[in-house]
Colleague: 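Sharing a structure below in structure tokens format, with a few things to ask.
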Amino acid sequence: MLPSDLRTTFNPFRSQNTVMKQHIADLIHQAIDALKTAGEFDSDLVAHVQIDNTRDKQHGDLACNVALTLAKVARRKPRDIALLICQHLPQSDSVTKTEIAGPGFINFFISQDATQAVIGRVLSEAEKFGRNHSGAGHKVQVEFVSANPTGPLHVGHGRGAAYGASLSNLLETAGFQVEREYYVNDAGRQMDILAASVWLRYLQLAGTEVVFPSNGYQGDYVNDIAQQLHQQAGDRLKHSTTAVMADLHADAPAGDKEKHVDDLIVRAKSLLGEADYDLVFDAGLNSIRDDIKHDLHGFGVDFDQWFSERSLGQNDQINRAITKLQEKGHVYEDGGALWFRSTEFGDDKDRVVKRDNGQTTYFASDIAYHLNKFERGMDTVINVWGADHHGYITRVKAALQALGIAPDRLVVKLVQFAILYRGQERVPMSTRSGSFVTLRALREEVGKDASRFFYVTRKAEQHMDFDLELAKSESKDNPVYYIQYAHARICTLIRKLADKNMAWDSNMGLEQLERLSEATEIALMQQIELYPEVIAHAAKNHEPHQVAHYLKDLAGNFHSYYNAHRMVIDDAQLRNARMCLCMAARQVIDNGLGLLGVDAPEQM
RNA sequence: GCGCCAGUAGCUCAGCUGGAUAGAGUAGCAGGUUCCGAUCCUGUUGGUCGGGGGUUCGACUCCCUCCUGGCGCGCCA
């Protein structure tokens, strides 16, 4: 038996079948078994029975290709096999007809009774409809956003936030125990630059004349933080211009802006002393982190854990991780630095974990961090990263492997960047031009629902054009409103019925489902029936965009139905049956939008 | 140079892990509501799935090779 941390990734997802697909598959297995008994097939023949939804309803509702896949091993023509199977299929109330078509497909036509039954399941399972237990008993952590706390989130982070949040929700509906985590990069040089920036702005407010470094953080938010700090600490952190600015490397353009800012950091530390430097540092960190937290909350994204990078160093976890690698013989010294021999695990080159000046690298923190994740008992860890980090995957997986953790227990999802458009015009997003759009600005302009929806309508690896005008438009062009409108329409029906003393009677409706036989009604029911497998498939493949596309189709089915038939009618039996169908559709829209972090409003 | 992601209708994108005649939305065209919300519905035009080979009963999907675009290849974080 393998040690527990060497076990491979649990793969809970086998074929996720709907009730009906499973039933058909069972029928086919029974037929094949009967044919084995009859001597038509070898008794050791193994059939992989796959049931597909048909694209064209002329091909029935469900189709099976088993006759084609068996042709070779059974050494018979596919159509002959299909015929044999059909002749041995047990009777089923759910199947009205089977046909052999094309090269040897077996098409199944499902009875209306069986199709209508989904309505009762949706109404009784309600918000639980669509869930499954394939991930039961497994802990998975989803780490996402994790933007440096050196400034507000911008629209580039929004896609990762929307994707990670929806993915987490999806995994939960698949039965996983999910932990949502934000890794706070609160250590390192960038944070020191922020602290120095805050202090210099503070000095300016306190009346000390200093020149702000070109490499400092220029944003207005730094001023706000400095102002708060000044109110809080008074002039206690003040120093003279000469004390601050003397003997520094010159700033750009004449000098080196990197050396200049590094000198300022050293100066801040020496003039302020450790305690006061930490005060300034924490003022910046806490303010920005709280701001990010607040921003994300407004975006419908909340985390279970905000994991501090600094805590790794404070608890000596970085050195412990390096030592662990050393003990296993994967570390060597060269040029005064410590190197992890990652090439042994497929990396292009070895990587430094401890610099010649004794400082550990960011990579070393990341090794410790990922070790920590698994030590916390995660079976699987999912990292949602920006596409620019893909070069990093190999070395992190190499480190895990070196530490005895199966690398496939870490799954990295890369999210491509989104390019903003305002109609035809591309919105410049460079930080330098100062015109980059914050996530907050996006939320204020476009709204949470449309932003969340737009971010996840494209699959994550796909480059994406995000049109602000389209997302903003409250019209038919905008899919999120199209879906929400369907939901609101159904809610309006309920209100309408109450006004007319015709309140929806679900029991009567459920007894009369056989009255629902219009083409648009059947189509809507069939679409509803697909929901659980769409969810399962989306969870399995980490693809929330499938939910978005499904919901668009579902809303389309509803609107067609609504337009073709009336629900508020005198025939109480038919009226209540139709309302059962509408309310089932409403429930599925509600459930699906919920996964995507989009509200399902009762009126628009 | 090496590696990762992408290339599907004029535009924005799906395509259920290899299945039947490649689908939506939008744009274009032609229609529909005295009605429960027209933020809606119906019909229709539009494709050498980047190019070329290969694998097999069958390829947008898998393999090879070229072309194009994005990103990455630090003792930065």
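Not measured: the values here are computed from a predicted model. Naming convention: chains lettered A, B, ... in sequence-line order (proteins, then strands); numbering from 1 in each chain.
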Colleague: Return the set of residues passing salt bridge (charged side-chain N to carboxylate O under 4.0 Å, His left out) with A:D263 (not counting sequence neighbours), or none when no residue passes.
Modeller: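 By the salt bridge (charged side-chain N to carboxylate O under 4.0 Å, His left out) rule, A:D263 matches no residue at all.
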Colleague: Take atom CG of A:N65 and atom C1' of B:U56, then tell me their distance rounded to the nearest Å.
Modeller: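 It is 14 Å, rounded to the nearest whole Å.
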Colleague: Under the side-chain hydrogen bond (donor to acceptor under 3.5 Å, both in side chains) rule, what pairs show up with a residue in residues 72-84 of chain A, not counting sequence neighbours?
Modeller: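 Listed by first then second residue: A:E40-A:R76.
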Colleague: CZ of A:F558 versus P of B:C41: gap in Å, rounded?
Modeller: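 These atoms are roughly 11 Å apart.
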Colleague: Do the charged groups of A:R458 and A:E543 touch, with an N to O distance under 4.0 Å?
Modeller: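 Salt bridge between A:R458 and A:E543, a charged N being under 4.0 Å from a carboxylate O: no.
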Colleague: Could you work out the separation of B:C2 and B:G19 based on their P atoms and round it to a whole Å?
Modeller: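 Their P atoms lie roughly 33 Å apart.
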Colleague: Since syn is defined as within 90° of 0, does B:U17 count as syn or as anti?
Modeller: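 Here B:U17 takes the syn form, which means its glycosidic angle is within 90° of 0.
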Colleague: Applying the Watson-Crick and G-U wobble criteria at under 3.5 Å, what pairs with B:C11? Answer none if nothing qualifies.
Modeller: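 Check on B:C11: paired to B:G25, both distances under 3.5 Å.
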Colleague: Take the protein atom CG of A:D56 and the nucleotide atom P of B:G19, then report the distance between them rounded to whole Å.
Modeller: 16 Å
Colleague: Once side-chain contact (heavy atoms from CB on, under 4.5 Å) is applied, do any residues pair with A:D334, and if so which ones, sequence neighbours excluded?
Modeller: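 A:D334 satisfies side-chain contact (heavy atoms from CB on, under 4.5 Å) with A:Y332, A:W339 once adjacent residues are dropped.
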Colleague: Within the 4.0 Å limit for protein heavy atoms, which parts of nucleotides 31-36 of chain B are touched? Write it as a string from 5' to 3', B for base, S for sugar-phosphate only, - for none.
Modeller: -B--BB
Colleague: Within the structure shown, what part of the strands sits under 4.0 Å from A:K354 by heavy-atom distance: base, sugar-phosphate, or nothing?
Modeller: nothing
Colleague: With sugar-phosphate meaning primed atoms plus P, OP1 and OP2, does A:N53 contact a base, only sugar-phosphate, or nothing at under 4.0 Å between heavy atoms?
Modeller: base
Colleague: Find the distance A:K349:NZ to B:G72:P and express it as a whole number of Å.
Modeller: 17 Å
Colleague: For a side-chain contact (heavy atoms from CB on, under 4.5 Å) with A:Y562, tell me which candidate from A:I490, A:L524, A:T520, A:L493 qualifies.
Modeller: A:L493
Colleague: In chain order, what residues pass the side-chain contact (heavy atoms from CB on, under 4.5 Å) check against A:A74, with sequence neighbours excluded?
Modeller: A:F41, A:L45, A:I81
Colleague: Taking atom P of B:A77 as reference, at what distance in whole Å does atom OH of A:Y369 sit?
Modeller: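 Result: 18 Å.
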Colleague: Determine the Euclidean distance between corresponding P atoms of B:G47 and B:A22; express it in Å to zero decimal places.
Modeller: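 Comparing P positions in B:A22 and B:G47 gives a spacing of 12 Å.
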Colleague: Taking RNA chain B as the partner, which of residues 331-341 of chain A come within under 4.0 angstrom of it by heavy atom?
Modeller: A:D334, A:G335, A:A337, A:W339
Colleague: For the pair A:R575 and A:D505, find out whether any cationic side-chain nitrogen is under 4.0 Å from an anionic carboxylate oxygen.
Modeller: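 Between A:D505 and A:R575 there is no salt bridge, as every charged N stays at least 4.0 Å from the carboxylate O atoms.
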Colleague: Classify A:D366 by what it touches in the nucleic acid, base, sugar-phosphate, or nothing, heavy-atom distance under 4.0 Å.
Modeller: nothing
Colleague: With a 3.5 Å limit on both atom pairs, tell me what B:G69 is paired to, counting Watson-Crick and G-U wobble, or say none.
Modeller: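 The answer is B:C5, by the H-bond criterion.
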Colleague: Round to the nearest Å and state the distance from A:D553 atom CG to B:C41 atom P.
Modeller: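 Checked: the CG to P distance equals 12 Å.
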Colleague: Search all heavy atoms of A:F144 against all heavy atoms of A:G160 and return the closest pair with its distance.
Modeller: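 A:F144 and A:G160 have their closest heavy atoms at CD1-O, 3.7 Å.
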Colleague: If I take atom OH in residue A:Y550 and atom P in nucleotide B:A24, what distance separates them, rounded to the nearest angstrom?
Modeller: 17 Å
Colleague: Sticking with atom P, work out how far B:U12 lies from B:G70, rounded to a whole angstrom.
Modeller: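 That atom pair is separated by 15 Å.
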Colleague: Could you write out each protein N or O paired with an N or O of nucleotides 1-3 of chain B at a distance under 3.5 Å?
Modeller:
residue: B:G3; atom: N2; partner: A:H390; partner atom: NE2; Å: 2.5

Colleague: Out of B:C5, B:G15, B:A77, which nucleotide sits closest to the side chain of A:Q416?
Modeller: B:C5
Colleague: Within less than 4.0 Å of OP1 or OP2 of B:C76, is there a side-chain N or O belonging to A:R355?
Modeller: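 Checking B:C76 against A:R355, a side-chain N or O does come within under 4.0 Å of OP1 or OP2.
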Colleague: Specify the residue among A:G102 and A:Y485 whose closest nucleotide of RNA chain B lies further upstream toward the 5′ end.
Modeller: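 The residue whose closest nucleotide sits nearer the 5' end is A:G102.
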Colleague: Under the side-chain hydrogen bond (donor to acceptor under 3.5 Å, both in side chains) definition, can you give me all pairs with a residue in residues 53-66 of chain A, not counting sequence neighbours?
Modeller: A:D61-A:Q526
Colleague: When we call it a touch if two heavy atoms are under 4.0 Å apart, what does A:A486 touch: a base, just sugar-phosphate, or nothing?
Modeller: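 Result for A:A486 = nothing.
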Colleague: Can you say whether a donor on the side chain of A:D52 sits under 3.5 Å from an acceptor on the base of B:G19, or the other way round?
Modeller: no
Colleague: At 4.0 Å (heavy atoms only), tell me whether A:N148 reaches a base, stays on the sugar-phosphate, or touches nothing.
Modeller: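 If one applies the 4.0 Å heavy-atom cut-off, A:N148 turns out to touch the sugar-phosphate alone, with no base involved.
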Colleague: Taking for each residue the nucleotide of RNA chain B bearing the nearest heavy atom, is the 5' side occupied by A:A63 or by A:Q359?
Modeller: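 Comparing both residues, the 5'-ward one is A:A63.
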Colleague: Could you run through nucleotides 7-14 of chain B and give me one letter per nucleotide, 5' to 3': B if any protein heavy atom sits under 4.0 Å from the base, S if only the sugar-phosphate is that close, - if neither?
Modeller: S----SSS
Colleague: Dump every N/O contact between nucleotides 61-63 of chain B and the protein below 3.5 Å, one line per pair.
Modeller:
none

Colleague: Rounded off to whole Å, could you give me the CH2-to-C1' distance for the A:W385 and B:C4 pair?
Modeller: 13 Å
Colleague: Give A:K552 one of three labels, base, sugar-phosphate or nothing, depending on what nucleic acid heavy atoms sit under 4.0 Å from its own.
Modeller: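 No contact at all - A:K552 keeps every heavy atom at 4.0 Å or more from the nucleic acid.
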Colleague: Using the side-chain hydrogen bond (donor to acceptor under 3.5 Å, both in side chains) rule, collect all pairs that involve residues 483-494 of chain A, keeping only residues at least two apart or in two chains.
Modeller: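 Of all non-adjacent pairs touching residues 483-494 of chain A, those that pass side-chain hydrogen bond (donor to acceptor under 3.5 Å, both in side chains) are A:D449-A:Q484, A:Y485-A:R489, A:H487-A:R586, A:R489-A:H559, A:T492-A:R495.
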Colleague: By salt bridge (charged side-chain N to carboxylate O under 4.0 Å, His left out), which residues pair with A:E99, not counting sequence neighbours?
Modeller: A:K97
Colleague: Below 4.0 angstrom, N of the basic side chain to O of the carboxylate: do A:E533 and A:K21 qualify?
Modeller: yes
Colleague: State, to 0.1 Å, how close A:M508 and A:A572 come at their nearest heavy-atom pair, and which atoms those are.
Modeller: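 In this case the closest contact between A:M508 and A:A572 is SD-O, 3.6 Å.
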